[in-house]
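The structure appears right after this line, and notes come after that.
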Amino acid sequence: MDRVQIFDTTLRDGEQSPGATMNVEEKLAIARQLEHLGVDVIEAGFAASSEGDFEAVRRVADAVSRPIVLSLARTREQDVDRAIRAVERAKRPGIHIFIATSDIHLKHKLMMSRKDVLDAAVWAVTRAKKHLDYVEFSAEDASRSDPEYLIEVFSAVIEAGARTINVPDTTGYALPEEYGALFRRLRERVTGADRVIWSAHCHNDLGMAVANSLAAVQNGARQIECTVNGIGERAGNTAMEEVVMAIKTRGDRFGVDTGIVTEQIYPTSRLLAQITGLTVPFNKPIVGDNAFAHEAGIHQDGVLKHRLNYEIMRPESVGLDSNRLVLGKHSGRHAFVARLRELGLDTTDVDMNVVFERFKALADAKKSVYDEDLIALVAQQSVRGGASDRYVLTYLNVTSSSMAVPHATVKLKIDGEEVMGAGTGDGMVDACYKVIDDLTGQHPRLERYAVKAITGGTDAQGEVSCLVSEAGITVLGQGSHTDIIQASALAYLNALNRLAYRRLHRQQVQTAEVGP
Ligand code: KIV
Ligand code: ZN
């Protein structure tokens, strides 16, 4: 069976989702999980865009061994050289060079002629090729570019040594039939087309990213660029879990395969949601809470009689074990670690003593500890275990009644020093956030606040996500706890830590050309 490569861009295009910025430790946790998942290529960032991105690409390059690790780069000398340096320690390094090819972008963004763009593309690929064998070239806004010009550009960069040719639908404008036909035409007409891997990169503005990617596969594409949970610019990118399961479930039509360990899909999805705070909609295909839930009586009856009546995929095949009860307060460390391994969770950088202690506390607070709880525990450790945490919650006491004004007492460690404060507010969360603001001297705007139960049951952990912004930086904070006020405080502090991190690694060069 022909293999379709899965190119994961969660850490680059995915991170361009509003509020999805991750720090280095968080990116490493995701990258390691992506390796477990079996992706072929990890786009770890855009090294020239900031010190933080450079460092993240470098650390991901060190941390994984099987997938190719790439950095994005414009066709500029500084970008190409920075990208090459960032991946130099990777076992399988690569670079992803892009420049726009549509007349709209040439005229209104790059202010370059077609010849200038062609020359820049060939120059950059040639330069990269001197240092790296794996060079991917993308023609940004390809789906709105003149196909004859695309043929010229792609033929030239293949001649210069590009090994993968990406045809992005940058604005999510294409329709599946059109996008498929474009691949057919390019593969027929581009010189050297049979020497390269053809790649699809779709955005979801019209809800067609997955359909377009699959149409590309039906017309010879052998790489799909996608993100976990479909996160990304605006409406997002092609959702990895959806294309992978479509290819697997409808193998009869596609006749191709991917190297994805599908049982790792659900843990990966949950880990990303936990780390970024971008929660997955209930009805999201494959990984949404309702994706395998049969509600109607007729359906339940049908599934009980025979699963195939209403189920086209088994929940187990994506790593979902219907909230299987795994551990309780009597479980020992051995069983705990073994279950984390069974779930495929990467614990390389996790302090097991801390996580096990948290598990024990959770098992005490909650009757049943589910797989989702364990994923949250590990994610929290990746989120908060990072050296970049300025603010750490050490104590919280919040009181409220129908007769009294809500009151909060909070103790924090700020850069290692303990501080304490107290105050009132319009509700328990407000009281708690006001005290935290006073203690940290931070007063960001709370744009959005949401709470969701991680599993069923009144003793479930609450998962709080809050979107905050300050001086043009927007970040999402996330926290979970059986007590939702504690979860709220953890989420807010997580957001403040992200803000502090973002301020420290403010983007150093103008990244406007990364494009949609
Ligand atoms: O959408 C796009 O065109 C991109 C390129 C940088 C590949 O993300
Ligand atoms: Zn993109």
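Remember, predicted model here, so these are calculated numbers, not experimental data. Order of listing sets the numbers, starting from 1, for every ligand and every atom in it.
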Taking the six-membered ring of Y134, is NZ or CZ of R163 closer than 6.0 Å to its centre and within 45° of its axis?
no

Distance filter under 4.0 Å to T170 heavy atoms, resulting ligand 1 atoms:
1 (O), 2 (C), 3 (O)

More than 12 foreign heavy atoms under 6.0 Å from CD of E177: is that the case here?
no

Is D13 close enough that one of its N/O/S atoms sits under 2.8 Å from the Zn ion (ligand 2)?
yes

Lys/Arg N to Asp/Glu carboxylate O, R12 vs D53, below 4.0 Å:
no

On a heavy-atom basis, the closest approach of Y179 and H201 is OH-N, 3.3 Å

Geometric cation-pi criterion R85 and F54, 6.0 Å radius, 45° cone
no

Can you check which of A73, S138, A142 brings a heavy atom nearest to atom 7 (C) of ligand 1?
S138

State whether a side-chain donor-acceptor pair under 3.5 Å links Q478 with N494.
no

Provide the number and element of each atom of ligand 1 under 4.0 Å from a heavy atom of H96.
7 (C)

With atoms numbered from 1 as shown, which atoms in ligand 1 lie under 4.0 angstrom from a non-hydrogen atom of H203?
1 (O)

If you measure every N/O of N166 against every N/O of ligand 1, is any gap under 3.5 Å?
no

Which N/O/S atom belongs to H201 and is the closest one to the Zn ion (ligand 2)?
NE2

Could you state the interatomic distance from CD (Q5) to OG1 (T164), rounded to the nearest 0.5 Å?
6.5 Å

Measure from atom 4 (C) of ligand 1 to every heavy atom in E140, H201, R74 and give the option owning the shortest one.
H201

R12 and ligand 1 - part of the residue with a heavy-atom distance under 4.0 Å:
side chain

